[in-house]
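Written out below as structure tokens is the structure these notes cover.
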2 protein chains.
Amino acid sequence: MAKKTGLTGKQDIFLKEIYKFISENNYPPSVRELASISGFSSPKGAADHLNTLIKKGYLQRNPSPRSLKLTEKAFWYLKMPNPFNDSSILYLPLLGRIAAGKPIFAEENIDEYVPISKQVMGRAEGQFLLRVNGDSMSGDHIMDGDMLIVKIQDTAENGDIVAALLNDEAVVKRFYKRSDGTVELVSSNPLYEPIVLKDGVRIQGKVIAVYRHIF
Amino acid sequence: MAKKTGLTGKQDIFLKEIYKFISENNYPPSVRELASISGFSSPKGAADHLNTLIKKGYLQRNPSPRSLKLTEKAFWYLKMPNPFNDSSILYLPLLGRIAAGKPIFAEENIDEYVPISKQVMGRAEGQFLLRVNGDSMSGDHIMDGDMLIVKIQDTAENGDIVAALLNDEAVVKRFYKRSDGTVELVSSNPLYEPIVLKDGVRIQGKVIAVYRHIF
DNA sequence: TAAAAAACTATACATATGTATAGTAATTAT
DNA sequence: ATAATTACTATACATATGTATAGTTTTTTA
């Protein structure tokens with residue numbers, strides 16, 4: 001199942017060992033230390049993994065020994081904060097247009113990784129940014145072009161503002177579950193009709209914050 | 001002037017070079033790199049400084065190469081933000097209620113320092129955060145409790161949303177200069193009358209971004 | 001001003017480190 | 001089932017690194 005830039009199971013474990021080492025020591029491991037940690041009897045195994053992870057964009061390195069650096073891609077993949085950054089900062093992927101037929105976190109959908117303060121967004125992990133398209137939520141003062149911080153979850157409470165996938169498009173609506181089992185996704189702009197879904201809905205997360213740039 | 005644990009001038013400079021290196025590279029320097037940076041022709045000079053700084057409690061190290069670590073004592077001494085902070089982050093003071101009679105940036109007015117991404121707020125320095133009080137700008141979808149990122153400037157263009165000081169209170173309004181020299185501060189909520197000022201106005205800055213937490 | 005401490009130079013050496021060569025074993029794709 | 005890729009083992013080697021020896025120069029302390 002190893003795609004172009006995805007990780008195999010062993011590579012995944014190896015990357016996690018690197019993260020663990022840096023978190024514990026505040027400096028990067030040597031090739032031999034990684035081999036030893038991973039139970040390899042030769043440095044070559046670790047060196048091969050390192051080169052693969054560098055090629056796939058999860059690591060960076062200088063010619064100097066112990067100059068390994070995890071990329072933001074790696075931190076997002078690991079769903080962990082960057083231990084070298086201040087712990088009050090998280091990097092969140094910014095999703096632009098959702099490509100039809102692709103998983104929502106496919107690389108094609110990620111515009112960039114944006115550093116966001118935990119202080120202003122709450123402490124929880126597992127979040128992403130979504131750019132608002134259209135004015136259907138203007139009643140909640142969420143406007144076209146705003147960036148939303150979305151906390152990843154697949155359920156919601158009645159009245160929550162959620163990001164959901166509808167025909168391969170990410171939509172932002174208020175979520176209501178009716179007593180007959182149907183789900184209503186309601187816009188806060190009265191110009192838009194509520195969307196009624198009998199088969200449930202693929203909720204991506206709950207909107208917990210709004211960010212808007214004024215030009 | 002070298003006290004028991006205080007630093008001499010050269011040690012001070014040397015410690016700052018270490019701080020700088022780690023900030024820029026995210027991994028610690030080698031002894032020779034430090035010698036080279038400091039203009040020494042031998043690694044011994046750097047090694048001596050390192051041992052002194054370790055003895056005095058500003059550094060820690062393992063037997064491994066490149067395992068230097070700045071201690072909390074060092075951070076305190078340097079009066080610097082954590083070197084592991086990403087440079088794409090700025091700390092902005094968050095202003096709450098403005099105390100009457102005090103300058104706007106008086107310590108009494110600063111609630112806390114909030115890390116904000118340069119990527120989402122533009123690259124400029126000289127900004128602060130202001131918590132919105134009331135609904136007078138609801139027409140611009142700026143709501144009670146929102147946090148505004150304000151770029152410090154004392155002038156504004158017609159139509160800009162500005163933060164201004166009015167009777168020792170920070171207000172957020174749209175700025176209009178009329179041909180007769182008077183200034184009008186206009187709320188975007190029609191329930192509020194425009195404020196007309198003959199003597200000009202003390203503009204604190206221009207609102208460049210809005211941040212809102214949804215509960 | 002003399003003594004002590006700090007701040008170096010120049011060179012050497014054992015070890016840690018990244019990388020290379022030449023393979024084998026296991027897993028995945030076709 | 002076969003080929004390709006991944007995931008290693010074992011060993012070797014040039015270089016980077018920390019440390020040591022033996023000094024000199026500069027700055028600080030008494």
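Below, read A as the first sequence line, B as the second, and so on, with proteins coming before strands; counting in each chain starts at 1. Just so it is clear, the structure is predicted and the values come from calculations on it, not from any experiment.
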Rounded to whole Å, please give me the gap between [atom1] in [X] and [atom2] in [N].
X     : N      : atom1 : atom2 : result
B:N62 : C:dT17 : CG    : P     : 11 Å
A:D48 : D:dA7  : CG    : C1'   : 8 Å
A:K55 : D:dT5  : NZ    : C1'   : 12 Å
A:Y27 : C:dA16 : OH    : C1'   : 13 Å
B:K10 : D:dT28 : NZ    : P     : 8 Å
B:L34 : C:dT9  : CG    : P     : 14 Å
A:R66 : C:dT15 : CZ    : P     : 17 Å
A:L50 : D:dC8  : CG    : C1'   : 14 Å

(message) What I want to check is whether the side chains of A:T182 and A:K198 have a donor and an acceptor closer together than 3.5 Å.
(response)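 No, because no side-chain N or O of A:T182 sits under 3.5 Å from a partner of the opposite role on A:K198.
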
(message) Whether the A:S67 and A:N62 side chains hold a donor-acceptor pair (N or O, under 3.5 Å, no angle test) is what I'd like checked.
(response)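 On atom types as modelled, these side chains do not qualify, holding no pair under 3.5 Å.
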
I want to check one thing: is the phosphate of [N], taken as OP1 and OP2, less than 4.0 Å away from some side-chain N or O of [X]?
X     : N      : result
A:T8  : C:dT28 : no
B:H49 : C:dC8  : yes
A:R61 : C:dT19 : yes

(request) For B:S64 and for B:K44, locate the closest nucleotide of DNA chain C by heavy-atom distance; then report the residue assigned to the nucleotide nearer the 5' terminus. (result)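 In this pair, the answer is B:K44.
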
(message) On DNA chain C, compare the nucleotides closest to B:F40 and B:P65; which residue's is nearer the 5' end?
(response)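 Nearest nucleotide further toward 5': that of B:F40.
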
(request) Kindly check if the number of other-residue, nucleotide or ligand heavy atoms within 6.0 Å of CG (A:D199) is above 12? (result) no

(message) Check this for me, if you would: do A:E33 and A:R66 make a salt bridge, where the nitrogen-to-carboxylate-oxygen distance has to be below 4.0 angstrom?
(response)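 A salt bridge is present here (some side-chain N lies under 4.0 Å from a carboxylate O).
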
(message) Could you check whether the side chain of A:S42 and the base of D:dA10 have a donor-acceptor pair of N or O atoms closer than 3.5 Å, going by distance alone?
(response)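 Looking at the base of D:dA10, it does pair with a donor or acceptor on the side chain of A:S42 (distance under 3.5 Å).
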
Nearest of [options] to any side-chain atom of [X]?
X     : options               : answer
B:S30 : D:dC8, D:dG18, C:dA7  : D:dG18
B:Q11 : C:dA7, C:dG18, D:dT6  : C:dA7
B:A47 : D:dT19, C:dA7, D:dA7  : D:dT19
B:R32 : C:dG18, D:dT19, C:dA7 : D:dT19

(message) Students often mix this up, so state it plainly: with edges at 30° and 60°, are the rings of B:F14 and B:F40 parallel, tilted or perpendicular?
(response)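 Rings of B:F14 and B:F40: parallel, as their planes differ by under 30°.
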
(message) Once you apply a heavy-atom cut-off of 4.0 Å, does B:P43 come out as touching a base, just sugar-phosphate, or nothing?
(response)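 Touches a base.
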
